[in-house]
Every structure is written in structure tokens, then in C-alpha cells.
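Data block below; observations after.
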Amino acid sequence: MAAHQSLRTHTCGELRATHVGERVTLAGWVHRRRDHGHLTFFDLRDRYGITQVVTSADEAPATHEAAAEARNEWVIQVSGAVRRRPEGTANRELPTGEVEVAVDEVSVLNESKVPPFYINEEQPGLEEALRLQYRYLDLRRPPMRDRMLLRARLSSAIRRELEAEDFVEIETPLLIRSTPEGARDFVVPSRLQAGQFYALPQSPQQLKQLLMVAGYDRYYQMAHCMRDEDSRKDRGPEFTQVDIEMSFVREEDVMAAVEAMVTAVTRQVVPERQISQTPFPRLRYEEALARFGSDKPDLRFGMELMELSDALRVVDFRVFADALAAGGAVFAIRAQGCGGYSRKQLDELTDLAKRQGAAGLVHLSVESDGSLRGPAAKFLEASSAAVLAATGAEPGDLLLIVADADRATAATALGQLRLEMGERLGLRDPAVLAYVWVYRFPMFKWDADLNRWDATHNPFSAPVWEEADRMEADPGGIHAQQYDLALNGWELGGGSIRIHRRDLLERAFALMGHTLEGMRDQFGALLDALEYGAPPHGGIAIGVERWVALLANQENIREVTAFPKTQSGSDLMLGAPSPLDQQQLAELHLRVDLGG
RNA sequence: GGACCCGUGGUGUAGCGGCCCAACAUGCCAGCCUGUCACGCUGGAGAUCGCCGGUUCGAAUCCGGUCGGGUCCGCCA
């Protein structure tokens, strides 16, 4: 093992029966102490594991007495002989559990105050703010350590796989130019140029495209990105992405390369997990929305959406009739065996549907005689057979139905209910990883507020080539060569084939209301570069925190981030952000105005 | 910008108008204990209930505000 240094001969995860008889020196933290008077056991911990060391009043009285001072989290160094534990006292829970070190020499390398929370046991309810304030102690806890090591193995495997396929890692700058597109920028004031600001990258998008123009036809980078938008459990102000770009490729090529890397990496890093399907399923956006109510569906379970628009077209029920008359849709999911849900449970589901933009939720339970029961049942009597036929619902089942004048709204609201029911029914198997491609997104969406078309994803994404001619004639009807990679209901990454011809890019931007001057000002370098032999190219970016979180079965990316920010963007350990003093402000040509 | 939830010894919880200057577990300290591994036993110290204000004879408990944390909507090309 490489971790041998002059203060230790072995790590705390290393000793086995084969070491019995060797004299060793270990250094680490006191994980736990069991004091039996004339005999004291210490569990000594480092990042490699735990080893039991013993001091004895009979064998080494002075050492025994000296060691008795040590408390939890003190850093100590011990020397002694490795010996097999007495018959019947081996600990099968520990890899090192067959042996122990009979300590004859101990030295305290550093004492520790009593920590503000337990390092040596799990503590589910522990206030996260406290963990963040003492993150260096939190990171010492074995579950956090394991997640950090998992993340390191993931990064390493990604690099190994990509480099084996001739990808080259190229770093791009962190101080770049602000552009109003996309998320809000974090900005950095320039000292040398008064009144001017850099922006921190939301992603190295333009730079990696410029690298393609430069001929580095397979680029990757573990790229740090920053977006000044409100946090969620799956996104924070700064994050890391595996940024990839390739030249001379079609969608197929990028997806194949990424899929090969993702599959190989997953198998190396979490061999115990099951990838539900390879090659990864591919769903067109429209299909993902219609079947799962999401553009990042969780494919670990079925419970697909069923469209009832036709079955219910004749029903005299305002909620459905109005939605359908307005050109909308009615969707349902069938929750098997949930017909007995209580009023409270149904209210919770209704609240969820409303939060997701639905006007309401119609719930029907199927009685043992096949009749439907629920607040809206009396309106549906004439159609109950059609509903049962369309949904396949059986006695004891619960049907959840959402109608909306907007098809996507109905589908996404029900998609959220599907996830909730999947959770409640235990269908989201934590052992399974269900990667899925979602592709062929609409290229533009109408922005009612700005009264213009806007890119659904990335403004540099290319239209499906055969559709490019219709861009101006039918902006809402054409699709982008855009593909997202989803995993267990989370968006892991997204990418596209880019526009590599200046005229086409200008047309796309013009459609989004950009003037030629505005484009030159903001994207001048890229536009110019496209005129110097830009090859066809495309790529993807994969969110590292989300990926690790899913591989570690964590709900929250803070659990896989060494030093995360709070929801309001604070670093509770460092106390950031903080004010600047007057001199710093003056150098940066800034004046702070807190008046509001 | 908005909605909701949380904030009681070091930590996690209980208490939710007077029986509480606050209970339980764990941790901490001390003593005892030669085979433990969440060691055990005995004893002890430790919180005026995030903060400010109000209601009340009386507030951890009710109300308002505020600070911190979380979840969500908006936002996130």
C-alpha cells in the first residue's frame, strides 16, 4: 500500500491474520474506546478502515496508563505486535476483525475537543447546518468518507474511459464574458478595467465549440460551472460537469460514445448495482411526455400514463369537457391496490397535483363490483365501462386522472403523481439504475412573456437537418438534434449536435429576436470561427453531483459535495459570502448600495 | 419574488398556557470493572427553550416580527 510513511507502517484498514507476529505502527483517530480497567480497547480509525488496538495494565503498564488519557477523535500513534484475537472474540463486521495490535508504545499526536456531533455513529436527524459548519468533522464520518471516495472513483473512471477513447482534457478559463442568455451569471469585477466585469462560466459551451474549430476533435473536461439561480436539492450555485465535445459526428455517434463510457464507468464504480437496460432505451420527447409525463422519466417502473381523452369525450363533466373543448387532454394512471386510500392520502395527492400546475385531481376507486367510487363518479357512470377498459383497472385499484386545456400540463402533473405513487408503492428499486435517452425535443418554444420564440435547450443546438428549411415557416414544429440522458427520474445530462454554419446560426438567433449587432457583440468569436472551417460537431455535459448522488442512493447533491453551499448560497464553515472592506471596493471601482 | 416545515442541555427527541428554573436517550466528567467491539455498573455536571416584541395574573407552549436551516413554486438557454 502506498500510504506508508514514517509515522506509520500500515493503515487502519490493512492488517489481516497474515500480519500476525509483525511489529507495526499505526496512526489515526480514536473512533471509540472500551475501557475495562486493566484492559482497554481502542478502535483506531483512518480513511482506510478501523483496527482494534489494546493496551494492558499487565503487559505494558506505563503505556496503558498513558493511553487512558486519550478520548474520541484524539489523534494517536501506537506501536506493538499484531496478534490473533483470542478464540471467539474475532469481529466479523470488520475486515481487520481477526487481529488486534497489542500496544506497547503510544504517543498522542494531537488532542481533540469533544466534537459537536457523533463521528462514530450514524445520526439521521442531525441538523444539516451543524454538519455544514463543521464540515471537516462531517467529512470524517465513514458514510461521508465513503461517498467522497465513490466520487473520486467515479471521476477517475470517467477520465480513464474517455482517455482510452482518445479524448483529450483541455482546461478552459473561469473568467469569461457575460452573456444575457440562459441563467443569471456570477460576475467578477475587473480591477484593471474600471467598470468592467468578468462572468464565471455557466458551462464552457462556446469554448468547447471553439476547440472543435481548432481541431481537437475529442475534448473533455471536468468543468466547474456556476449559475446564480435558486438552489434545489439537485442543483446548487456551483457544480461540476463532465463536458464532452466531438467533431465529425452525428447524434448517434455522441450517444454511442457517451453510453459506452457511462456503462463502463457504472460497472466499475458500482458493480453491485444493476443497469436496467442496455443499450439504453431511447424515447422521443413526445413519447416520454405522453407515457411518463416527464422528459426525464424514471424507467424503473411502469404505471404509465393512459390517455382518456377519447373515452371521456362524451362525458357531461365540466372538468373534462372544458379541457377537451379547449384542445387539451385527459390522462390517468392506475395505482394498483390503492383503492382504499384515505381522504388524507387523497388530499395529499391532490395538493401535489395542484402544486404541479393541475387545476385539480380526479380520483376514482374501483369497487369490488366493478363500479367506480369518488367525488366525480356520478358524472362518469355512463362511461365507467370505457374507463375500465381503457385503463385496465380492477377492483381495489385507484385511478388518478388529470385534465387540462394544456396537454403538457396535464401530463407533467400526472407524471409527478406517478413518481409519488411509485415511491409510495416501493417501485423505485434502489438497486436498479435505469438510464434512458430522451431525444428529438422541439427546437423552439414560444415565450409568452417576451413575445418571441426561445430555444428549448441550447441556442447553439442544430435543427434536425431535414427540418432546417422550415425553421422560419414553422418554428414550433421543428425539432433539435438534442438528447438528454436521464437516470432514475433525474436529468443527468444533455447535449446536442451544434450548428456549425454561420448562416444557419444567424437564422436561428434571428428567430429568437436577436439583432445581427447584438449577436456579433455577444457571440462574435464563435460566429467568426464558424467561417474558418468549423467541422460538424456536437457533445454533451453530464452533471457529476447528480450522477454520484444517484450512484450513492442519495436524495441530495450536498451529500456528495465536500463543501456545499446552503439553499441561500452561504458557506456556513467559511462564512461566505462576506462584505468587502472599503479599500478592496475602491480598487475594484465599486460602491455598495444597500438601499432598496 | 412566493408557499410550507423546522429551531428546547454537546447531539437527537419529549413537553405545546400554570403540575416545567423543563423530561428521556445518548454524549461528557468521575469511580469500578482483564476480552470488549453501540462493553457494563454506580454517581455527577450540563439547557431560562434561536432572537426581539406583544397577549396573559402566568409563555418553551398563543400572536407578530426577525435570523438561520430545509422542501417546493417561480427561476434554472
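The chains referred to below are lettered A, B, ... by the order of the sequence lines, with proteins before strands, and numbering in each begins at 1.
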What nitrogen or oxygen pairs link the protein and nucleotides 27-30 of chain B at under 3.5 Å?
from: B:G27; atom 1: O4'; to: A:Tyr118; atom 2: OH; distance (Å): 3.2
from: B:C29; atom 1: OP1; to: A:Arg71; atom 2: NE; distance (Å): 3.0
from: B:A30; atom 1: OP2; to: A:Arg71; atom 2: NH2; distance (Å): 3.1

Using the 3.5 Å cut-off, write out each protein N or O paired with an N or O of nucleotides 41-49 of chain B and the distance between them.
none

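Residue A:Ser496 is classed as having no contact, given no heavy-atom separation below 4.0 Å to the nucleic acid. Using a 4.0 Å heavy-atom distance criterion, A:Arg92 is classed as making no nucleic acid contact. In this structure, A:Ser56 reaches neither bases nor backbone, as no heavy-atom distance under 4.0 Å exists between it and the strands shown. Among the protein residues, A:Glu100 comes within range of the nucleic acid bases, having at least one heavy atom under 4.0 Å from a base atom. Using a 4.0 Å heavy-atom criterion, one finds that A:Glu93 contacts no nucleic acid atom at all. Residue A:Arg83 is classed as a base contact, given a heavy-atom separation below 4.0 Å to a base. Contacts of A:Gln202 with the nucleic acid, taken as non-hydrogen atoms under 4.0 Å apart, are absent. The residue A:Leu130 sits close only to the backbone: its heavy atoms come under 4.0 Å of sugar-phosphate atoms, none of a base. Residue contacts shown for A:Leu572 are limited to sugar-phosphate atoms, with no base heavy atom under 4.0 Å away.
You'll find that the side chain of A:Arg34 is closest to B:U36, out of B:C72, B:G35, B:U36. When the nucleotides B:C76, B:G70, B:U36 are ranked by their closest atom to the side chain of A:Asn556, B:G70 comes out on top. Distance from the side chain of A:Gln567 is smallest to B:G70 among B:G70, B:G35, B:G74. Closest contact between the side chain of A:Glu127 and the listed nucleotides B:G74, B:G69, B:G35 involves B:G69. Listed candidates were B:G35, B:G74, B:C76. Nearest to the side chain of A:Arg232 is B:G74.
Applying the 5.5 angstrom centroid cut-off and the 30 degree plane-angle cut-off, the aromatic ring of A:His36 is stacked upon the base of B:C39.
Contact check for A:Gln202 versus A:Phe186: no side-chain heavy atoms found under the 4.5 Å cut-off.
We find that A:Glu251 and A:Arg440 are joined by a salt bridge, their nearest charged nitrogen and carboxylate oxygen being less than 4.0 Å apart.
Counting atom types as modelled, A:Arg235 pairs a side-chain N or O with a base atom of B:C76 as donor and acceptor under 3.5 Å. One can find a donor-acceptor pair under 3.5 Å joining the base of B:C33 and the side-chain atoms of A:Asp35.
Annotation: B:G50 and B:G7 have their C1' atoms spaced 6 Å apart (nearest Å). Nucleotides B:A60 and B:C52 are separated by 16 Å at their C1' atoms, to the nearest Å.
Phosphate proximity of B:U36 to A:Thr40: absent, as no side-chain N or O sits under 4.0 Å from OP1 or OP2.
Taken residue by residue, residues 84-91 of chain A places heavy atoms nearer than 4.0 Å to RNA chain B at A:Arg85, A:Pro86, A:Thr89, A:Ala90, A:Asn91.
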